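Report on the following structure.
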There are 2 protein chains.
Amino acid sequence: MEAVTIKDVAALAGVSVGTASRVLSGNPATSADARDRVAAAVAELDYQPNAQARALRSTRSNALGLLVPDVRNPFFADLAHAAEQAALSAGYVTLLGNANERNDQQDRYLDTLISRRVDGVIVAPVGDDLGRLRALIEREVPTVLVDRTVPGLDLPSVTTDSESGIRQAVQHLADLGHTRIGYISGPQATSTGRDRFAAFTRAVAEAGLSQDPELVYFGDYQAASGSAGVHALMQLASPPTALLAADSLMAVGAISILHRLGMRIGTDIALVAFDDIEWFALLNPALSVIAHSVEDMGRIAVDLLLQVIAGETPESVVLPSELIVRASSATPITGTAPATPEQRSQ
Amino acid sequence: MEAVTIKDVAALAGVSVGTASRVLSGNPATSADARDRVAAAVAELDYQPNAQARALRSTRSNALGLLVPDVRNPFFADLAHAAEQAALSAGYVTLLGNANERNDQQDRYLDTLISRRVDGVIVAPVGDDLGRLRALIEREVPTVLVDRTVPGLDLPSVTTDSESGIRQAVQHLADLGHTRIGYISGPQATSTGRDRFAAFTRAVAEAGLSQDPELVYFGDYQAASGSAGVHALMQLASPPTALLAADSLMAVGAISILHRLGMRIGTDIALVAFDDIEWFALLNPALSVIAHSVEDMGRIAVDLLLQVIAGETPESVVLPSELIVRASSATPITGTAPATPEQRSQ
DNA sequence: GGATCCTGTGGAATCGTTTCCATGGAATCG
DNA sequence: CGATTCCATGGAAACGATTCCACAGGATCC
């Protein structure tokens with residue numbers, strides 16, 4: 001490539017490298033004259049400092065690592081966007097890693113991030129497997145967990161309180177007359193999978209609905225398992241009249257197979273999904289969701305991480321969730337009339 | 001943090017730093033004995049080489065930069081995923097930058113990537129503004145353009161041949177009896193915006209349909225402009241009976257407002273969108289799309305970039321596009337009966 | 001058996017910065 | 001006016017790796 005270094009700048013400006021460096025890093029011990037001449041030389045040469053050398057010497061890289069289970073999942077895409085923007089405005093660039101919901105890829109990326117000496121890491125862990133997460137702790141790399149936590153890892157985190165949203169959803173379905181709610185659960189090897197399942201179990205018991213264990217299908221947060229879940233639940237001798245999916249991708253799978261089975265969502269069966277994805281409102285009927293703010297989650301995660309980097313030990317943050325009722329769950333179980341204009345035939 | 005360096009490894013293994021380095025980088029000039037002892041020391045200390053120091057000396061960072069206009073756009077999220085996976089399997093990590101459809105953020109990220117001395121950059125440029133793209137050229141940073149090109153920038157690229165897909169779509173709509181097709185165009189400051197508009201214009205002329213300039217609305221690839229476009233087109237004295245949206249986000253905006261206007265997609269108005277997004281098939285009615293393979297695009301972009309890095313000058317690649325007909329455009333203009341089961345009322 | 005060739009190794013230079021230390025000159029003080 | 005302080009500066013060490021160079025010792029050649 002090329003090779004314009006601080007030495008060239010110093011030479012052109014007629015000062016020493018030390019002085020050039022001081023000017024460039026805003027050290028106050030510089031004369032106006034030196035500042036001007038260095039600035040002119042930088043502009044003339046279009047000098048860009050070598051971040052590697054700078055990081056090597058100063059042991060700060062001004063880079064953050066962000067590790068998500070799957071970028072194609074719109075929830076994590078939004079999270080990545082929110083975190084990246086927050087990091088950028090704090091002067092950090094973001095190294096985005098994608099674990100592909102696999103522990104080995106997560107570990108590989110963690111090693112890469114350690115090697116690159118990022119100043120901190122935000123992780124939405126794939127599962128409960130610690131793996132190379134231990135290495136982060138041992139090296140005291142500032143780390144924050146987001147969306148999911150891991151048992152045995154005592155780190156600051158930003159998570160969602162699933163309880164409130166799920167309770168609202170179950171109560172809402174109960175009010176519509178549903179007594180058998182099918183639950184398409186996330187994997188029990190993730191904290192969100194466990195939390196949401198526990199919340200569902202409690203809410204169903206409180207509302208006095210059927211606690212038939214057959215009404216629960218354990219998926220893996222991928223679209224295909226949503227389809228499989230619907231398939232299994234609909235084959236029961238006494239199938240559910242309402243469905244609750246624990247994340248957006250499984251909801252997508254559920255919708256897909258319900259279409260194929262010829263079941264009308266909102267009329268033949270009610271459907272509520274966890275995660276508020278923008279275009280869920282565009283579906284026909286529009287999908288009821290349990291919403292939580294992914295923008296807040298990303299922003300706060302960066303915020304906590306910056307605090308950890310600064311040597312503080314911030315408290316974990318738990319964000320609220322809340323039910324948004326749309327046409328997919330607006331019809332009482334006895335009725336068949338559309339409840340909203342969006343729900344009518346196209 | 002901590003401080004386990006190659007010096008510690010060498011000391012523990014009882015060899016010199018040079019030998020330790022040779023073992024670690026797979027240099028054949030090492031004895032089996034040295035290899036074993038270094039390996040043991042590495043395991044014992046859980047040593048991770050400092051990527052900065054390595055990059056500083058060897059002038060290779062094993063990192064690629066990927067700059068997209070908007071990660072939340074599912075097309076670019078998929079592209080990022082595909083490119084990232086391809087890069088990973090070639091031994092590169094990916095630094096993902098998000099320009100937010102803004103030239104200043106694009107320039108800022110380009111400077112960051114130059115500073116970090118990435119080995120190469122894949123850019124889906126925001127618009128025609130060269131900005132800091134010039135700096136990439138001047139420094140001879142290996143660069144590949146993806147999805148969009150920029151006039152005056154002679155770089156290898158991977159793009160889509162919009163012509164074939166758009167021609168198919170227009171012909172398909174003509175076959176259904178439509179004579180006035182509304183076109184929601186991308187911005188003319190992007191190559192895709194221009195290409196697709198030109199293709200549409202040609203296709204309409206060839207099919208003998210209305211070339212009324214009022215049937216074209218110029219949007220900006222964001223959802224809001226899709227809504228605005230529908231709004232404008234539907235106010236015409238003689239509104240279109242079919243719509244073609246030049247990207248997925250504008251299609252989302254169009255669908256949203258069509259719902260609000262009470263127009264039934266597929267019956268009252270036909271709709272076709274550029275970009276095949278997975279969940280477009282889940283809409284009711286399912287959306288007809290002009291599909292092109294984003295996985296191929298990401299993979300090939302990395303491939304071309306690796307060739308450029310290797311000193312070759314690869315040819316640009318143009319990928320095909322093709323129409324996928326679904327229910328949103330399956331009804332002849334005179335009929336009102338559903339053409340597919342998916343299209344019936346829910 | 002002496003010259004030549006490998007092979008593995010240690011030591012040192014190097015990459016491009018930051019930062020410490022010493023210095024020289026100007027400014028300030030009594 | 002001599003001594004102290006301050007400020008801007010140049011020079012050099014350091015960060016943690018890679019890589020060049022020299023060299024020792026064993027194998028190979030004529």
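In this text, all values refer to a predicted model and were calculated from it rather than measured experimentally. Every chain is numbered from 1 and lettered A, B, ... according to where its sequence line falls, protein lines coming before strand lines.
Under the salt bridge (Lys or Arg N to Asp or Glu O under 4.0 Å) criterion, B:R132 pairs with A:D46, B:D111, not counting sequence neighbours. Considering only residues two or more places apart in sequence or on other chains, B:R35 meets the side chain to side chain contact (heavy atoms under 4.5 Å, CB included) condition with B:V23, B:T30, B:A32. A:F75 is linked by a ring-ring contact (aromatic ring centres under 6.0 Å, His included) to A:H292, counting only residues two or more places apart in sequence or in another chain.
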Side-chain donor-acceptor distances from residues 124-131 of chain B under 3.5 Å, at least two apart:
from   : atom 1 : to     : atom 2 : distance (Å)
B:D128 : OD1    : B:R194 : NH2    : 3.4
B:D128 : OD2    : B:R194 : NH1    : 2.6
B:D129 : OD1    : B:G131 : N      : 3.4

If you look only at distance, which donor and acceptor atoms sit under 3.5 Å apart when one is on a side chain in residues 152-159 of chain A and the other is two or more places apart or in another chain?
from   : atom 1 : to     : atom 2 : distance (Å)
A:S157 : OG     : A:S316 : OG     : 3.3

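Residues B:I300 and B:L319 are in side-chain contact: their nearest non-hydrogen atoms beyond the backbone lie under 4.5 Å apart. Looking at heavy atoms from C-beta onward, A:T190 lies in side-chain contact with A:Y221 at the 4.5 angstrom threshold. Side-chain contact between A:V308 and A:T143: absent, with no pair of heavy atoms (C-beta onward) separated by less than 4.5 Å.
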Watson-Crick and G-U pairing of DNA chain C, under 3.5 Å, as dot-bracket with | and [ ] | ||||||||||||||||||||||||||||||
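Atom C1' of nucleotide D:dA17 and atom CG of B:N62 are separated by 14 Å, given to the nearest angstrom. We find that CZ of B:R60 is positioned 16 Å from C1' of C:dC15, with the value rounded to whole Å.
The salt bridge (charged side-chain N to carboxylate O under 4.0 Å, His left out) analysis of residues 47-71 of chain B, with sequence neighbours excluded, yields the pairs B:R60-B:D119, B:D70-B:R72. Sorted by first and then second residue, the pairs that involve residues 294-304 of chain A and meet side-chain hydrogen bond (donor to acceptor under 3.5 Å, both in side chains), not counting sequence neighbours, are A:S293-A:D296, A:D296-A:R299. Applying the salt bridge (charged side-chain N to carboxylate O under 4.0 Å, His left out) definition to pairs two or more places apart or across chains, those involving residues 23-33 of chain B are B:D33-B:R37.
Interface residues of residues 46-58 of chain B facing DNA chain D, ordered by number: B:Y47, B:P49, B:N50, B:A53, B:R54, B:L56, B:R57; criterion, heavy-atom separation under 4.0 Å. Remark: B:S21, B:R22 in residues 19-36 of chain B come within less than 4.0 Å of DNA chain D through at least one heavy atom. Interface residues of residues 7-18 of chain A facing DNA chain C, ordered by number: A:G18; criterion, heavy-atom separation under 4.0 Å.
Checking side-chain atoms of B:R116 against main-chain N and O of B:G65 turns up no donor-acceptor pair under 3.5 Å.
The number of heavy-atom neighbours closer than 6.0 Å to CD of B:E315, taken from other residues, nucleotides and ligands shown, is 12 or below.
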